[in-house]
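What you are looking at is a predicted structure, and each value in this text was computed from that prediction instead of being measured. Only this structure's heavy atoms are used, side chains among them; waters, hydrogens and symmetry mates stay out. So that the names make sense, note that chain A is the first sequence line, chain B the second, and so on, each numbered from 1.
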Amino acid sequence: MSISNVEIADIFTRLAELLEIQGYNHFKIIAYKNAAREIAYLGNSIAKMVEEGDDISKLPSIGSRIAKKIVEIVKTGKLNKLEKLQKKFPPHILDLLKVEGIGPKRAKILYDALHISSLEDLMKAAQEHKIRELGGFSDKIEQKILDKTMFAKKIGKRFMYSVAEPHVNAILAYMQKTEGILKVLIAGSFRRKKDTVGDLDMVATSKNPKKVIDYFVKYPDIKDIVLHGDTRSTIILKSNIQVDFRCVQAKSYGSALHYFMGSRYHVLAIRKLAVERDLKINEYGIFRGKQDITGSCEKDIYKTMGFSYIQPELRENRGELEASKEGKLPHLINREDMRGDLHMHTTYSDGQNSIEEMAEAAKKLGYKYVAITDHSKHLSIVHGMDEKKLRLQLDEIDRINEKLKDITILKSIEVDILEDGSLAMSDSLLKELDLVVAGVHDKFNLSAKQQTKRILKAMENPYFSILAHPTGRLINQREPYSLDMEELFKETVQKGCFLEINAQPKRLDLNDIYEKMAKDLGVKFAISTDSHNMQSLNYMRYGIYQARRGWVEKGNVINTLSLDKLKEILKR
DNA sequence: GCCGTTTTCGGCCCGACTGTTTTCAGTCG
């Protein structure tokens, strides 16, 4: 199988980090890191591009030298330059960089002087007080390293958006009670609605920032205070989530918010453009020489730089600056645009509520229709429906529809796509449904070619409507199965089918990168909650957040349509 | 190593906090 973008990116990241420890040219290291990021965020398979003879040196951050290295990686599975470099270091040396307070310089000193090459070595050396004897280290640094080493071993993963959400709300509520605080907001990847967050970034304004920071570090849920300065603090919550808090004067609010909103790459790109125009942008404002032009309002930054306002969800330096300049930014979809939910379960399979309860709950959310999509009977799904049970369900839906007002229940199913690409329910029954949601629930390890073929074969069934959770990933739990995404997207359009944006916080599948790629190829989506009870119908917001990150507009989503228009578009 | 309405060479974002440095290096975001 071809090497994945993530694996190629990882090679360049390792290369950059090892070169950093070696003390290599700083800007070359940045170039490798930029390339790694670019590759990781690319929707198209870079290996496939190489195999098809595309000129990858035209991609941003990838020039002739790195392109050559990528070709080598695709052809041989490895990079000779990295292989040679790795021989100079022990295998786990890069783990040292995961420890807060240890960067490349200190890692090199620790390795050269004490032959420390893993977190275990590091902890042992600290316990034996060998580190304090090194030049540039002290007993205080040694203690810090000891504490942080234990922490580095425990974490190292990102948190799901939905896990961070209650913490954000609690901290905001706490900080709003601070005396003298003017504004307090969440920024960073959370505000940009990324599916996972590494840490939380918060910004506040006050005439007395120090007082606000001093209040912040007394937040009751704190496990550890990493930094405690006059305008800034970093803490670790008991749940191991890191929170960076920054407080500035009101006149710098917009600039500070913009900076801490990120992404780094978006902010960096704007700062570079500012330099070209003899301006300087930092957290405090936009400066021409020493004169502060603006800073109190985020919108002013974009205006000053000649851009229209860019929504936080788009700030990844993935084309939003160009689109803004050309007036081609998308009108991002909102929760209010949604008229129905097309994927949910009831007690007919593994759901917890009845059909009627689900429909009533959906009505309260303002929906005009829902599709009931219980599982088909198949080995991998417990309590799936056979034909007899589905028949019973269809009759019950008819009865409820006669009774209900202001909402329509659509007949559907979440049917398994079997390994050979057939659907686990007879066509004669599928034919009676308003729509068919189909998904892969087993055999995740097929090759990209086989898995793609399996799904495309299923789409040939004339009753196939929506592909559920297209890549099957579970955040922090299961990798997506291998697929040729470009082919999937093209064929989806060609065959008149649709792709789901599954709003379960654990899934968020498709992800933002694929959403944008699919949208550009003309794919239309259904944003659905895959609810198993009434409460999780509220997960719709997570789906909307991800869709917005993928540049998705109302017109790209079929469950924003009226019931009549939806039925029309579902006809194949 | 990348990049370029001018430039194929010479730039490459900018600032806070920590420690113990009496003027700054290392790290982080």
Side-chain angles (χ1 to χ4, degrees), chain A residues 12 15-17 19-21 23-39 56-70 81 96-110 131-132 134-145 148 187-189 197-203 209-210 213 217 225-235 242-248 252 255-256 258-287 295 301 305 317 325:
Chain A
F12 284 107
L15 180 64
E17 287 180 340
L19 290 172
E20 213 170 4
I21 291 176
Y24 207 62
N25 178 302
H26 177 61
F27 295 105
K28 289 191 185 187
I29 290 161
I30 289 177
Y32 284 131
K33 286 185 176 176
N34 285 342
R37 177 188 181 267
E38 197 60 44
I39 295 163
I56 53 173
S57 71
K58 292 237 163 62
L59 294 169
S61 302
I62 294 175
S64 60
R65 312 284 290 273
I66 289 183
K68 222 170 147 186
K69 289 184 173 65
I70 292 173
K81 189 180 170 82
L96 300 186
L97 300 179
K98 291 179 188 159
V99 178
E100 163 116 32
I102 297 185
K105 299 270 167 39
R106 284 177 179 161
K108 184 163 195 312
I109 294 170
L110 289 166
I131 292 174
R132 62 178 64 179
L134 297 174
F137 290 81
S138 65
D139 53 346
K140 222 166 178 176
I141 294 176
E142 183 181 78
Q143 184 58 44
K144 195 177 159 191
I145 286 176
K148 299 299 172 189
S189 55
V197 295
D199 57 18
L200 300 173
D201 299 290
M202 294 190 156
V203 186
K210 188 171 185 311
I213 296 295
V217 298
I225 299 171
V226 181
L227 288 181
H228 181 182
D230 289 346
T231 66
R232 175 175 172 179
S233 169
T234 296
I235 56 135
Q242 178 173 313
V243 187
D244 295 327
F245 197 96
R246 186 67 178 264
C247 193
V248 296
S252 300
S255 296
H258 183 255
Y259 174 58
F260 287 100
M261 191 74 79
S263 68
R264 258 186 85 209
Y265 304 95
H266 175 88
V267 172
L268 239 144
I270 291 187
R271 285 190 177 184
K272 268 188 189 168
L273 291 171
V275 170
E276 285 171 20
R277 294 170 55 173
D278 284 330
L279 298 172
K280 185 177 82 172
I281 298 181
N282 59 25
E283 300 97 294
Y284 301 105
I286 303 183
F287 299 88
I301 295 173
M305 294 302 299
N317 197 24
K325 205 136 228 174

Would you indicate which nucleotide in [options] comes nearest to any side-chain atom of [X]?
| X | options | value |
| --- | --- | --- |
| Ala31(A) | dG29(B), dT27(B), dG1(B) | dG1(B) |
| Arg271(A) | dC2(B), dC13(B), dG15(B) | dC13(B) |
| Thr231(A) | dA16(B), dT18(B), dC14(B) | dA16(B) |
| Asn25(A) | dT18(B), dG1(B), dC14(B) | dG1(B) |
| Tyr284(A) | dG29(B), dG1(B), dG15(B) | dG15(B) |
| Asn282(A) | dC14(B), dA16(B), dC2(B) | dC14(B) |

When all nucleic acid strands are considered with a 4.0 Å heavy-atom cut-off, which category describes [X]: base, sugar-phosphate, or nothing?
| X | value |
| --- | --- |
| Val267(A) | nothing |
| Thr234(A) | nothing |
| Ile30(A) | nothing |
| Ile29(A) | nothing |
| His228(A) | sugar-phosphate |
| Ile270(A) | nothing |
| Arg65(A) | sugar-phosphate |
| Lys108(A) | nothing |
| Phe260(A) | nothing |

Checklist entry - Is Phe27(A) stacked on the base of dC2(B), meaning ring centres closer than 5.5 Å and planes within 30 degrees of each other? => result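 No, Phe27(A) does not stack on the base of dC2(B).
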Checklist entry - Of Tyr259(A) and Leu268(A), whose closest DNA chain B nucleotide lies nearer the 5' terminus? => result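 Residue closer to the 5' terminus by nearest nucleotide: Leu268(A).
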Item to check | Residue whose nearest DNA chain B nucleotide is more 5′ - Asp199(A) or Asp230(A) | outcome: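 Upstream on the strand: Asp230(A).
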Atom [atom1], compared across [N] and [M]: separation rounded to whole Å:
| N | M | atom1 | value |
| --- | --- | --- | --- |
| dT7(B) | dC12(B) | C1' | 14 Å |
| dT20(B) | dA25(B) | C1' | 12 Å |
| dT8(B) | dC3(B) | C1' | 10 Å |
| dT21(B) | dG26(B) | C1' | 11 Å |
| dC2(B) | dC14(B) | P | 23 Å |
| dT18(B) | dG11(B) | P | 34 Å |

Within-4.5 Å side-chain heavy-atom neighbours: [X] and [Y]:
| X | Y | value |
| --- | --- | --- |
| Ile286(A) | Ile301(A) | yes |
| Tyr265(A) | Asn34(A) | yes |
| Leu273(A) | Ile281(A) | no |

Considering only nitrogen or oxygen atoms on both sides, find all protein atoms under 3.5 Å from nucleotides 19-21 of chain B and state each distance.
residue: dT20(B); atom: OP1; partner: Ser138(A); partner atom: OG; Å: 2.5

Checklist entry - Is any NZ, NE, NH1 or NH2 atom of the basic residue among Glu20(A) and Lys33(A) found under 4.0 Å from an Asp or Glu carboxylate oxygen of the other? => result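 Here Glu20(A) pairs with Lys33(A) in a salt bridge, since their nearest N and O are under 4.0 Å apart.
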Checklist entry - How many angstroms lie between CZ in Arg246(A) and CD1 in Ile213(A), if you round to the nearest 0.5 Å? => result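 That separation rounds to 8.5 Å.
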Could you give the [atom1]-to-[atom2] distance, from [X] to [N], as a whole number of Å?
| X | N | atom1 | atom2 | result |
| --- | --- | --- | --- | --- |
| Leu200(A) | dG29(B) | CG | P | 13 Å |
| Lys272(A) | dC3(B) | NZ | C1' | 8 Å |
| Glu38(A) | dC3(B) | CD | C1' | 14 Å |
| Leu19(A) | dG1(B) | CG | P | 9 Å |
| Tyr265(A) | dC2(B) | OH | C1' | 15 Å |
| Lys105(A) | dT18(B) | NZ | C1' | 16 Å |
| Ile225(A) | dC28(B) | CD1 | P | 19 Å |
| His26(A) | dC14(B) | NE2 | C1' | 12 Å |

Donor-acceptor check, side chain of [X] to backbone of [Y], threshold 3.5 angstrom: yes or no?
| X | Y | value |
| --- | --- | --- |
| Arg277(A) | Met305(A) | yes |
| Glu100(A) | Lys148(A) | no |
| Ser57(A) | Ile62(A) | no |
| Gln242(A) | Asp199(A) | no |

Checklist entry - At under 4.0 Å, does any side-chain N or O of Gln242(A) touch on OP1 or OP2 of dC28(B)? => result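 Looking at the OP1 and OP2 atoms of dC28(B), neither is under 4.0 Å from any side-chain N or O of Gln242(A).
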Next on the checklist: Does dG1(B) have its OP1 or OP2 closer than 4.0 Å to a side-chain nitrogen or oxygen of Lys68(A)?
Outcome noted: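 For Lys68(A), the contact criterion (side-chain N or O under 4.0 Å from OP1 or OP2 of dG1(B)) is not met.
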Checklist entry - Does any nucleotide pair with dG4(B) by Watson-Crick or G-U wobble geometry, both distances under 3.5 Å, and what is it? => result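 Base-paired to dC9(B).
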Next on the checklist: Testing the basics here: between Thr234(A) and Asp244(A), what is the closest heavy-atom pair and its distance to 0.1 Å?
Outcome noted: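 It is OG1-OD1, 2.7 Å.
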